[in-house]
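Structure record follows, encoded as structure tokens.
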Protein chains: 2
Amino acid sequence: MVQPELCPRFEQAVGMLSRRWNALIIFSLLGESQRFCTMTESIGISNRLLSERLKELEKEGIVTRDVYPETPVRIEYSLTEKGRALAPVMQEIQRWSQEWLPVQEAVQDEQEPSVR
Amino acid sequence: MVQPELCPRFEQAVGMLSRRWNALIIFSLLGESQRFCTMTESIGISNRLLSERLKELEKEGIVTRDVYPETPVRIEYSLTEKGRALAPVMQEIQRWSQEWLPVQEAVQDEQEPSVR
DNA sequence: CCCTCTCAGTTACGATTTGTAACCAACATA
DNA sequence: TATGTTGGTTACAAATCGTAACTGAGAGGG
């Protein structure tokens, strides 16, 4: 019934990072602050989900939202210190992916050789 | 339409790690190989999803499945080298969670009954 | 005044995925 | 025959996601 082992803080961190798109959002903000429309394009996420995720991440103190009342309005999203502190996590994911995942060529019809 | 920036291998790694439960499954196997029923208890995942995720992770070369025809049958899941190579990622998540997430006390009535 | 454009979202809704619980098969013991 | 254990499946409702259309504020054109 109860799950005894796992550290609750670790579980919480994993819960946040496992939420779909969150890792990519954080990664793309590690470089520099970005505006909404730039993020949807570079990440490939829909308006709806990006909006939803950014609100959650802001509430968790990972992302900051700055409004510049220019015309048209400019809204910049950036990472807080707590958010930037996730850089090593992203770096390790990247390192692993470089070492263990194959470079995938353009379009190749995968055909499983002999899976029963 | 096209997302130009992100490295496809990084995206793939994030996709795998962001799949719900995958990070916890990998983390719990970092210590030692485990059997099915032990994992459902310690992680708090249902049979259905654990079965599904383990099959996916096995297909991706991250997890190995070993059958010991004892009675009752014992099936041990463990990490491949590729899977164990994710240890630094988990370590960095853990480090971040220790530094940035609050220790949450026993039962505190949150206003929002956040049931994820 | 009306139409159009951009940015930053919302809303509506069908398609996936998840969580829960019940069930199954193999083998062993009582 | 009935019961227990392990390692799953199956069925189905609930939650989440993806797509696309829409909104609203402010500026500019005609």
Side-chain angles (χ1 to χ4, degrees), chain A residues 1-3 6 11-12 14-26 28-29 32-60 63-78 115-116, chain B residues 1-3 6 11-12 14-26 28-29 32-60 63-78 110 112-116:
Chain A
M1 286 287 207
V2 204
Q3 50 263 46
L6 297 166
E11 268 190 277
Q12 205 187 320
V14 162
M16 184 276 288
L17 286 169
S18 286
R19 208 89 201 284
R20 190 156 202 190
W21 299 112
N22 273 3
L24 289 183
I25 289 171
I26 291 164
S28 79
L29 288 176
E32 52 185 348
S33 65
Q34 298 206 353
R35 48 200 303 185
F36 195 88
C37 62
T38 313
M39 297 183 77
T40 59
E41 286 164 23
S42 71
I43 299 179
I45 185 180
S46 69
N47 298 359
R48 190 178 77 73
L49 285 186
L50 181 57
S51 172
E52 198 175 299
R53 289 297 177 277
L54 286 171
K55 274 185 204 156
E56 293 165 2
L57 290 172
E58 199 188 347
K59 198 180 283 183
E60 293 177 72
V63 157
T64 310
R65 180 180 187 268
D66 293 302
V67 181
Y68 299 87
E70 306 170 353
T71 288
V73 66
R74 179 165 58 97
I75 292 176
E76 293 270 348
Y77 289 95
S78 49
V115 186
R116 185 186 327 192
Chain B
M1 274 306 217
V2 203
Q3 50 263 43
L6 297 166
E11 268 190 276
Q12 204 187 321
V14 161
M16 185 275 289
L17 286 169
S18 286
R19 208 89 201 281
R20 191 156 202 190
W21 301 111
N22 274 2
L24 289 184
I25 289 170
I26 290 165
S28 79
L29 287 177
E32 52 185 348
S33 65
Q34 298 208 353
R35 48 199 304 184
F36 193 87
C37 63
T38 313
M39 298 184 76
T40 58
E41 285 163 23
S42 72
I43 300 179
I45 185 180
S46 69
N47 299 358
R48 192 177 75 72
L49 285 186
L50 180 57
S51 171
E52 198 175 300
R53 288 297 177 279
L54 285 172
K55 274 184 203 156
E56 292 164 6
L57 290 172
E58 199 189 345
K59 198 180 282 183
E60 292 176 72
V63 157
T64 310
R65 180 181 187 268
D66 293 302
V67 182
Y68 299 87
E70 304 170 356
T71 288
V73 66
R74 180 166 57 98
I75 292 175
E76 293 269 348
Y77 289 95
S78 50
E110 272 186 85
E112 294 173 280
S114 57
V115 190
R116 264 196 282 173

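In this text the structure is predicted, and so the values were computed from the model without any measurement.
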Derivation and outcome, side chain to side chain contact (heavy atoms under 4.5 Å, CB included), residues Val73(B) and Thr71(B): CA-CA 5 Å; Val73(B) 66; Thr71(B) 288; over 6 Å; no
Degree of bending, the helix from dC1(C)-dG30(D) to dA30(C)-dT1(D) (end axes from five pairs; round to 10°): 30°
So which atom in Phe36(B) and which in Leu50(B) form the shortest heavy-atom distance, rounded to 0.1 Å? O-CD2, 3.7 Å
Residues two or more places apart in sequence or in another chain: which of them pass side chain to side chain donor-acceptor pair (under 3.5 Å) with Ser78(B)? none
Taking the nucleotide of DNA chain D with the closest heavy atom to each, which residue, Lys55(B) or Arg35(B), is nearer the 5' end? Arg35(B)
Between Ile75(A) (CD1) and dT6(C) (P), how many Å, whole number? 17 Å
Within the structure, does a side-chain N or O atom of Ser51(A) lie under 4.0 Å from either OP1 or OP2 of dT10(C)? yes
My understanding is that only residues two or more places apart in sequence, or in another chain, count here; which of them pass side chain to side chain donor-acceptor pair (under 3.5 Å) with Glu56(A)? Arg19(A)
Contact state string [nucleotides 14-24 of chain C, B base, S sugar-phosphate only, - no protein heavy atom under 4.0 Å]: ----BBB----
Starting at atom CD of Glu58(A), determine the distance to atom P of dA8(C), rounded to an integer number of angstrom. 14 Å
Starting from P on dA8(C), measure out to OH on Tyr68(A) and report it in whole angstrom. 12 Å
In whole angstrom, give the distance that lies between atom CG of Leu54(A) and atom C1' of dT10(C). 15 Å
Length of the line joining Glu41(A):CD and dA8(C):C1', which is rounded to integer Å: 13 Å
What residues form a side chain to side chain contact (heavy atoms under 4.5 Å, CB included) with Glu70(B), not counting sequence neighbours? Tyr68(B), Arg74(B)
Whole Å only: how far is the CG atom of Leu24(A) from the P atom of dC17(D)? 14 Å
Test of understanding: with side chain to side chain contact (heavy atoms under 4.5 Å, CB included), list the residues that count as partners of Arg48(A), not counting sequence neighbours. Ser46(A), Glu52(A)
Nearest 0.5 angstrom please: Arg20(A) CZ to Leu49(A) CG, how far? 8.5 Å
In short, Glu76(A) meets Arg35(A) closest at the heavy-atom pair OE1-N, 4.2 Å
Once you round it to whole Å, what is the distance between P of dG9(C) and CD1 of Ile25(A)? 12 Å
Just to be sure I understand the rule, does Tyr77(A) reach a base, reach only the sugar-phosphate, or reach nothing, if contact means heavy atoms closer than 4.0 Å? sugar-phosphate
Please give, in whole Å, the distance from dT6(D) C1' to Glu76(B) CD? 12 Å
Encode nucleotides 25-30 of chain D as B, S and - characters from 5' to 3', where the letter depends on protein heavy atoms closer than 4.0 Å: B to the base, S only to sugar-phosphate, - to neither. -SS---
Where is the tightest heavy-atom contact between Leu29(B) and Tyr77(B), given as atom of each residue plus distance? CD2-O, 3.2 Å
Can you tell me how far the OG atom of Ser51(A) sits from the CE atom of Met39(A), to the nearest 0.5 Å? 11.5 Å
How close do Gln34(A) and Ser28(A) get, heavy atom to heavy atom, and via which atoms? NE2-O, 3.3 Å
